[in-house]
Amino acid sequence: MKERETLRINGLGHLEIGGCDTVDLARKYGTPLYVMDEAYIRKVARGYTEIMTSGSGDGLICFASKAFSVKAIYDICKSEGLGSDVVSGCELLTALDGGMDADKIYFHGNNKSPFELELAIKNGVHAIVVDSFFEMDVIESLCASSGKKIKVLVRVNPGIDAHTHHFIQTTRVDSKFGFSIADGTAIEAIKSVAQRPHIEFIGIHCHIGSQIFELKPFELAVEKMTDFILTIKKETGLKVAELNMGGGYGVTYTEEDKPLKPEEYVKAIVAKLNECIDVKEIEKPRLILEPGRSIVGEAGITLYTVGAIKEIKGIKKYVSVDGGMFENPRYALYEAKYEAVLAGRMRDEKTETVTVAGKCCESGDMLVVDAKLPCARSGDLMAVLTTGAYNYSMASNYNRNPVPPVVLVNDGKSDYIVKPQTYEDIMSRDVYPFWSQRNK
Ligand code: LLP
């Protein structure tokens, strides 16, 4: 484990996060428990904002909601000068309820419903990022009937192969996202937007993938997007006021991962954009970036209690915990790797290699395969690191397991930001008795 100021081993040999002993957190809130380190989130967010607003920059960092959409994160992001992107009606309402300014919200999605589009227009989001001709028709008719005009960015596919897990690449030629520049659909989409009286074209967007470590794909994407700005100018005379380059900066899950510092990615993109603008003699667009994972990923850990331990002699040892794919589906989906530690025995020697399994009725329900741990005992407290992004936000009620609560820690203090889901919460959606009475 890479220690940092707010994630360290304390004098008792326990894992401490945000000044709170994880053994105390588990005692107070129970397990499984998501824990988020506020100071870390603020540090990364502030680092990004400083680069985007330094010099003549008036760029904007928008937190990508899909990584972790809860009211508290919007409050924190807003106070650090960030906007946000949202991809559903409920992410939008959560952002607004969390205090995010509507005029710093971008609404994404490859298949937004008319209801969601209406919600976005009614609440005055800064812009909708359009991703289909069908969507343009819906927006135009909604705006025409309400007498409003809405700003849009057009999502384009610059066709960059970002060398990441194929499930989370979004700009391969066969992607469901964006209009391809290469086959001419992107320019066609912009021309189509320009013809619609209630839609104002303000810019273009791309997102080349996630958990990317190298700078090269981002620089290449800036090259392609600025080339496309020239094409737009030549073919339509339209001004590209905003260039939104998405997110995708990698984080450390295990020691195999070697990301750059979060702000290095932003620095490189800013520098490349400045260079391209000079060389290509284009008017400088406002730069928008949408990191998600890098803001909240390493800020989060998940605490578990070890339960059953099973050894298949000579083959494997399973250490099962009280969580699983219902609260972290990333191994099941992507074979994602994580680091696990015994949070109450951080200084004990790591003597075994085990598989940390979840409690769901599914063979693929693992959290960490080949975890190096001290010999675990039932009742031990385990922490899995770097679970702040795409864990809570991707949780489900599989096997009717409640989604664990989220606690925010800072400076030795802790409190719920998301309360525990109860059996009652889950069952209350289930209306069968009323249904059966109606059909008698
Ligand atoms: N902007 C757009 C338009 C996106 O599609 C995404 C992620 C982001 C920003 C934020 O990317 P980040 O900085 O977090 O890499 N569930 C997957 C990740 C899917 C990401 C999809 N889009 C996972 O657990 O790895």
Side-chain angles (χ1 to χ4, degrees), residues 41 44-45 48 60-69 73 77 82-88 91 95 105-112 127-131 153-158 160 162-172 175-179 203-214 217-218 221 225 242-254 257 259-260 262-266 269 287-300 302 325 327-338 367 384 386-396:
I41 298 170
V44 177
Y48 280 151
L60 181 67
I61 294 282
C62 287
F63 172 66
S65 292
K66 69 210 83 188
F68 183 65
S69 181
I73 191 73
C77 284
L82 274 61
S84 81
D85 89 27
V86 297
V87 287
S88 72
E91 276 188 4
I105 295 179
Y106 290 73
F107 199 97
H108 281 282
N110 68 304
N111 189 25
K112 306 166 191 83
I128 294 176
V129 182
V130 287
D131 201 352
L153 274 72
V154 172
R155 177 157 183 170
V156 309
N157 179 349
I160 306 287
H163 306 293
T164 180
H165 193 295
H166 67 281
F167 284 157
I168 52 180
Q169 266 181 22
T170 47
T171 63
R172 294 179 318 177
S175 172
K176 73 167 177 169
F177 297 106
F179 296 97
I204 51 177
H205 170 279
C206 74
H207 170 77
I208 61 167
S210 205
Q211 185 62 354
I212 300 168
F213 293 145
E214 304 94 325
F218 294 111
M225 295 296 274
E242 294 192 7
L243 173 64
N244 185 326
M245 296 295 300
Y249 323 131
V251 300
T252 305
Y253 286 100
T254 70
D257 300 325
L260 299 169
E263 63 271 21
E264 295 298 321
Y265 295 99
V266 176
I269 292 170
L287 179 65
I288 319 293
L289 300 174
E290 302 171 331
R293 190 190 310 265
S294 53
I295 295 179
V296 289
E298 291 183 42
T302 309
M325 62 191 289
E327 48 76 32
N328 181 0
R330 296 192 71 258
Y331 176 81
L333 278 173
Y334 318 119
E335 291 181 18
K337 293 185 176 167
Y338 282 95
L367 290 171
V384 172
T386 315
T387 57
Y390 304 112
N391 275 223
Y392 173 77
S393 66
M394 291 175 75
S396 74

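What's counted below: heavy atoms across the whole structure, side chains too, no hydrogens, waters or symmetry copies. One-based numbering, in listed order, for ligands and for the atoms of each.
- The heavy atom nearest to atom 7 (C) of ligand 1, out of those in Met245, His207, His108, is found in His207.
- Listed by atom number, the atoms of ligand 1 under 4.0 Å from His205 heavy atoms are 3 (C).
- Using a 4.5 Å heavy-atom cutoff, the side chains of Ile295 and Phe68 are not in contact.
- Nearest-heavy-atom check against atom 1 (N) of ligand 1 across Glu290, Arg330, Arg155, Arg293 picks out Glu290.
- For Tyr253, the ring pair (Phe, Tyr, Trp, His ring centres under 6.0 Å) test picks out Tyr338, with sequence neighbours left out.
- Side-chain contact check for Ile269 versus Tyr249: some heavy-atom pair is nearer than 4.5 Å.
- Near Gly247, the atoms of ligand 1 lying under 4.0 angstrom from a non-hydrogen atom of the residue are 9 (C), 13 (O).
- Listed by atom number, the atoms of ligand 1 under 4.0 Å from Ala64 heavy atoms are 8 (C), 9 (C), 10 (C).
- Considering only residues two or more places apart in sequence or on other chains, Phe179 meets the ring pair (Phe, Tyr, Trp, His ring centres under 6.0 Å) condition with Phe133.
- With a 4.0 Å cut-off on non-hydrogen atoms, Ser210 touches ligand 1 through its backbone as well as its side chain.
- Between the side chain of Asn391 and the backbone N or O of Gly388, no donor-acceptor pair lies under 3.5 Å.
- When non-hydrogen atoms are compared, ligand 1 lies under 4.0 Å from the side chain of Tyr334 (C-beta onward) but not from its backbone.
- Annotation: His108 is in aromatic contact with His205 [ring centroid separation under 6.0 Å].
- At distances below 3.5 Å, not a single donor-acceptor pair connects side-chain atoms of Glu298 with backbone N or O atoms of Val251.
- Inclusion of Gly292 in the set of residues having an N or O under 3.5 Å from an N or O of ligand 1 is warranted.
- Counting heavy atoms under 4.0 Å from ligand 1, residue Asp85 touches it through the side chain alone.
- Near Met394, the atoms of ligand 1 lying under 4.0 angstrom from a non-hydrogen atom of the residue are 16 (N), 24 (O).
- Residue nearest to atom 12 (P) of ligand 1, selected from Pro291, Pro329, Gly248: Gly248 (by heavy-atom distance).
- A donor-acceptor pair under 3.5 Å links the side-chain atoms of Ser65 to the main chain of Asp85, judged by distance alone.
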